[in-house]
Amino acid sequence: VNFSLSTQRGSVSGSVQDESHNPVPWTTVRALQNNNVIATTRTGSDGLYTLTGLAPGDFIIRATATNFQVALQPATITDGHTTTADFTLLANPGKISGIITDEYTGAAVPGVKTVVMQNDNVFATFFTDSNGFYTLVNLAPGQYTVIATGPDIYQIAVITVDVQAGENTVQNISLARRPGSVSGQV
């Protein structure tokens with residue numbers, strides 16, 4: 001068996017600006033591979049960033065800044081090269097929020113793992129708070145899938161949410177309990 005190890009890594013760099021071509025400082029930029037965060041950095045006051053030490057392959061680069069819509073773009077990283085990924089962030093983001101409850105009792109369900117996706121890309125994974133509340137901000141208008149996974153007594157809930165620019169889309173979710181069974185002898 002012959003194999004070789006590459007010690008070279010690639011990088012991705014670029015700029016983040018608003019619609020008026022002004023730099024957007026302190027933007028969080030992440031490289032994701034298979035929906036896993038591989039590297040994270042922030043832009044400087046000039047709106048520039050660089051993510052280094054990336055293994056060759058295909059990535060999604062995600063830029064997130066307060067009061068702007070999240071932006072994504074694909075990037076292919078190659079050994080010893082720098083790939084450019086520039087972003088223009090759009091203002092007026094939307095958000096999704098709501099409460100996750102037990103369908104039977106109506107009580108809030110804390111600690112529910114909630115995943116928000118669009119076009120097979122994970123935008124966020126988080127847990128409901130102690131009151132069953134969740135919120136996700138800075139979303140571009142469009143259709144999202146929300147997947148709520150509660151404790152083992154609940155079934156997984158999958159819903160579709162339409163987000164509008166500048167609006168809070170309230171999407172409360174009721175988790176159904178898993179069906180039970182009874183066995184024994186009479």
Would you give me the side-chain donor-acceptor pairs under 3.5 Å for residues 116-126, sequence neighbours excluded?
unit_1: Q118; atom_1: NE2; unit_2: Q143; atom_2: O; d: 3.2

Practice prompt. Using the test side-chain contact (heavy atoms from CB on, under 4.5 Å), find all partners of A55 that sit at least two apart in sequence or belong to another chain.
Written response: R9

Practice prompt. Could you tell me whether a side-chain N or O of N172 sits under 3.5 Å from a main-chain N or O of G98, the two making a donor and an acceptor?
Written response: no

Worksheet, complete the sentence: Taking every heavy atom of V163 against every heavy atom of G94, the minimum-distance pair comes out as CG1-CA, 3.8 Å

Practice prompt. Could you walk me through whether T41 and T50 pass the side-chain contact (heavy atoms from CB on, under 4.5 Å) test, one step at a time?
Written response: CA-CA 7 Å; T41 192; T50 300; over 6 Å; no

Practice prompt. Please check if I156 and V112 belong to a single hydrophobic cluster, counting links between Ile, Leu, Val, Met, Phe, Trp and Tyr side chain heavy atoms closer than 4.5 Å.
Written response: no

Practice prompt. First locate atom CD1 of I60, then atom CZ of R30, and finally report the distance between them rounded to the nearest 0.5 Å.
Written response: 15.0 Å

Discussion item. If I compare all heavy atoms of A91 with all of Q69, which pair ends up nearest, and what's the gap?
Written reply: O-NE2, 3.0 Å

Worksheet item: Which heavy-atom pair separates S97 from N168 by the least distance, and what is that distance?
Response: OG-OD1, 2.9 Å

Worksheet item: How does the hydrophobic cluster around Y104 look, that is, which other residues are in it when side-chain heavy atoms under 4.5 Å mark a link?
Response: none

Discussion item. Tell me whether I153 shares a hydrophobic cluster with L175, the cluster being built from Ile, Leu, Val, Met, Phe, Trp, Tyr side chains joined at under 4.5 Å.
Written reply: yes

Worksheet item: Sequence neighbours excluded, which residues qualify as side chain to side chain donor-acceptor pair (under 3.5 Å) partners of T82?
Response: S11

Item to complete: Evaluate the criterion side-chain contact (heavy atoms from CB on, under 4.5 Å) for residue pair T128 and T114; output intermediate values, then yes/no.
Response: CA-CA 7 Å; T128 57; T114 308; 4.1 Å; yes

Worksheet entry | Sidechain-backbone polar pair: N131 side chain, F133 backbone, donor-acceptor under 3.5 Å | no

Item to complete: State which residues pass side-chain contact (heavy atoms from CB on, under 4.5 Å) with S174; sequence neighbours excluded, sorted by chain then number.
Response: T101, E103

Worksheet item: Is V161 linked to L72 within one hydrophobic cluster, defined over Ile, Leu, Val, Met, Phe, Trp and Tyr using a side-chain heavy-atom separation of less than 4.5 Å?
Response: yes

Practice prompt. Measure the shortest side-chain to side-chain distance between Q155 and P179 over non-hydrogen atoms and say whether it is less than 4.5 angstrom.
Written response: yes

Discussion item. Taking T43's backbone N and O only, do any of them form a donor-acceptor pair with T27's side chain (distance below 3.5 Å, no angle check)?
Written reply: no

Worksheet item: Among pairs that include at least one residue of residues 52-63, which meet side-chain hydrogen bond (donor to acceptor under 3.5 Å, both in side chains), considering only residues two or more places apart or in two chains?
Response: D58-T76

Item to complete: Output all residues satisfying side chain to side chain donor-acceptor pair (under 3.5 Å) with T149, sequence neighbours left out; order by chain, then residue number.
Response: none

Fill in: Within 6.0 Å of CG in N67, more than 12 heavy atoms from elsewhere
no

Worksheet item: Taking only residues two or more places apart in sequence, or in another chain, which ones meet R42 in a salt bridge (charged side-chain N to carboxylate O under 4.0 Å, His left out)?
Response: none

Worksheet item: Passes side-chain contact (heavy atoms from CB on, under 4.5 Å), I159 versus Q171? Steps please.
Response: CA-CA 9 Å; I159 59 167; Q171 182 63 60; 3.0 Å; yes

Discussion item. List the residues meeting side chain to side chain donor-acceptor pair (under 3.5 Å) with D102, not counting sequence neighbours, and say none if there are none.
Written reply: Y154, R177

Worksheet item: Would K95 and L139 count as a side-chain contact (heavy atoms from CB on, under 4.5 Å) if you check the C-alpha gap in whole Å, the side-chain angles of each, and the deciding distance to 0.1 Å?
Response: CA-CA 6 Å; K95 75 177 185 177; L139 295 173; 5.5 Å; no

Item to complete: Give me the other members of the hydrophobic cluster that W26 sits in, counting Ile, Leu, Val, Met, Phe, Trp and Tyr linked by side-chain heavy atoms under 4.5 Å, directly or via other members.
Response: none

Worksheet entry | Donor-acceptor under 3.5 Å (D86 side chain, S15 main chain) | yes

Worksheet entry | Euclidean distance, I173 CD1 relative to Y134 OH, rounded to 0.5 Å | 4.0 Å

Worksheet item: With ILVMFWY side chains joined below 4.5 Å, transitively, what does I77's cluster contain besides itself?
Response: V12, V16, V24, V29, I38, Y49, L51, L54, F59, I61, F68, F87, L89

Worksheet entry | Close side-chain approach of T169 and D162, heavy atoms under 4.5 Å | no

Discussion item. For D129, give me all partners under side chain to side chain donor-acceptor pair (under 3.5 Å), at least two apart in sequence or on another chain.
Written reply: none

Discussion item. Counting only heavy atoms from other residues, nucleotides and ligands, does the tally under 6.0 Å from CG of N34 exceed 12?
Written reply: no

Fill in: Distance-minimising heavy-atom pair for P25 and S45
CB-CA, 3.6 Å

